[in-house]
Amino acid sequence: MNRKSVLTIGIVTVAFALSGGLAISAQDKYTVKVPGGLAFSEFKGYEGWQAISLSRNDKVVAVILGNPAMIDAYRAGIPANGKPLPDGAKMAKVHWKPKQSQFFPDATVPGTLVNVDFMVKDSKRFADSGGWGYAEFEYDAASDAFRPGTPEDKPPQGNDAKCGFACHTVVKKQDYVFTEYPKR
């Protein structure tokens, strides 16, 4: 092996090592946590949960997802039948800025990710907030990173595990859940 080949291999090795280091330095979203204890990691795998419903307004389009315990409860008629959801039921609501579909101009589709909201039923851990823990994580596209919501965000967000409780009291009879499970 000549000196030029050794130098080339060395440069390529250093370049791969540096580029790998850059990839590793990206945020692991599962390390983010709201004050009060609710962590993004408690919802690991939410991206693969079943869709419960959709939501949209002029500012965002959203999909509401449920873990298997949540979906099973909905299928059993809970919370519409007035029964409480079981501990371990979880929901995720993913918000995007709406954009016009490039392939079908009449369709609105998800654009840039805005934030992700979570709810988990744990009647012991969150006894003082109807048995539910809440979290809202804002997404920053420029840094490809999440952070807990704050009162300065629009809309303002409490930044503890009870941040959603005040809004959800209007649906106390549905165990603090707004989202209905539509016919499939």
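Every heavy atom of this structure was used, including side-chain atoms; hydrogens, water molecules and symmetry mates were not.
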Report, one line per pair, each donor and acceptor closer than 3.5 Å where one atom sits in a side chain of residues 88-97; sequence neighbours left out.
| unit_1 | atom_1 | unit_2 | atom_2 | d |
| --- | --- | --- | --- | --- |
| Lys90 | NZ | Glu42 | O | 2.5 |
| His95 | ND1 | Asn115 | OD1 | 2.5 |

If you look only at distance, which donor and acceptor atoms sit under 3.5 Å apart when one is on a side chain in residues 70-85 and the other is two or more places apart or in another chain?
| unit_1 | atom_1 | unit_2 | atom_2 | d |
| --- | --- | --- | --- | --- |
| Tyr74 | OH | Thr179 | O | 2.6 |
| Arg75 | NH2 | Gln50 | OE1 | 3.4 |
| Asn81 | OD1 | Lys83 | N | 2.9 |

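Residues passing the side-chain hydrogen bond (donor to acceptor under 3.5 Å, both in side chains) test with Glu47, sequence neighbours excluded: Lys29, Tyr30. Thr31 meets the side-chain hydrogen bond (donor to acceptor under 3.5 Å, both in side chains) test with no other residue; sequence neighbours excluded. In terms of the salt bridge (charged side-chain N to carboxylate O under 4.0 Å, His left out) criterion, residue partners of Asp175 (sequence neighbours excluded) are, by chain and number, Lys121. By the ring-ring contact (aromatic ring centres under 6.0 Å, His included) test, Phe146 is found to be paired with Phe40, Tyr139, residues two or more places apart in sequence or in another chain being considered.
The shortest side-chain heavy-atom distance between Met119 and Ile64 does not fall under the 4.5 Å cut-off.
When all heavy atoms of Gly133 and Leu38 are compared, the pair lying nearest together is C-CD2, 3.6 Å. Across Val61 and Pro110, no two heavy atoms sit closer than the pair CG1-CA, 3.9 Å.
Hydrophobic cluster membership differs between Val116 and Val109, with clusters built from Ile, Leu, Val, Met, Phe, Trp and Tyr side chains linked at under 4.5 angstrom.
Through ILVMFWY side-chain contacts below 4.5 Å, Phe104 is grouped with nothing and stands alone. With side-chain heavy atoms closer than 4.5 Å counting as contact, directly or through intermediates, the hydrophobic cluster containing Val114 also holds Val60. Side-chain heavy-atom separations under 4.5 angstrom define the hydrophobic clusters, and the remaining members of the one that includes Phe178 are Val170, Val171.
Between Trp132 and Tyr134, the ring-plane angle classifies as tilted under the 30° and 60° cut-offs.
Of the possible donor and acceptor atoms, one in the side chain of Arg184 sits under 3.5 Å from a partner among the backbone N and O of Pro182. The main-chain N or O of Ala145 is never found under 3.5 Å from a side-chain atom of Asp140 such that the two would form a donor-acceptor pair.
Sequence neighbours left out, not one pair with a member in residues 51-67 passes side-chain hydrogen bond (donor to acceptor under 3.5 Å, both in side chains). Applying the side-chain hydrogen bond (donor to acceptor under 3.5 Å, both in side chains) test to pairs two or more places apart or on separate chains, none has a residue in residues 103-112.
Rounded to the nearest 0.5 Å, atoms CG (Asp87) and NZ (Lys124) are 7.5 Å apart.
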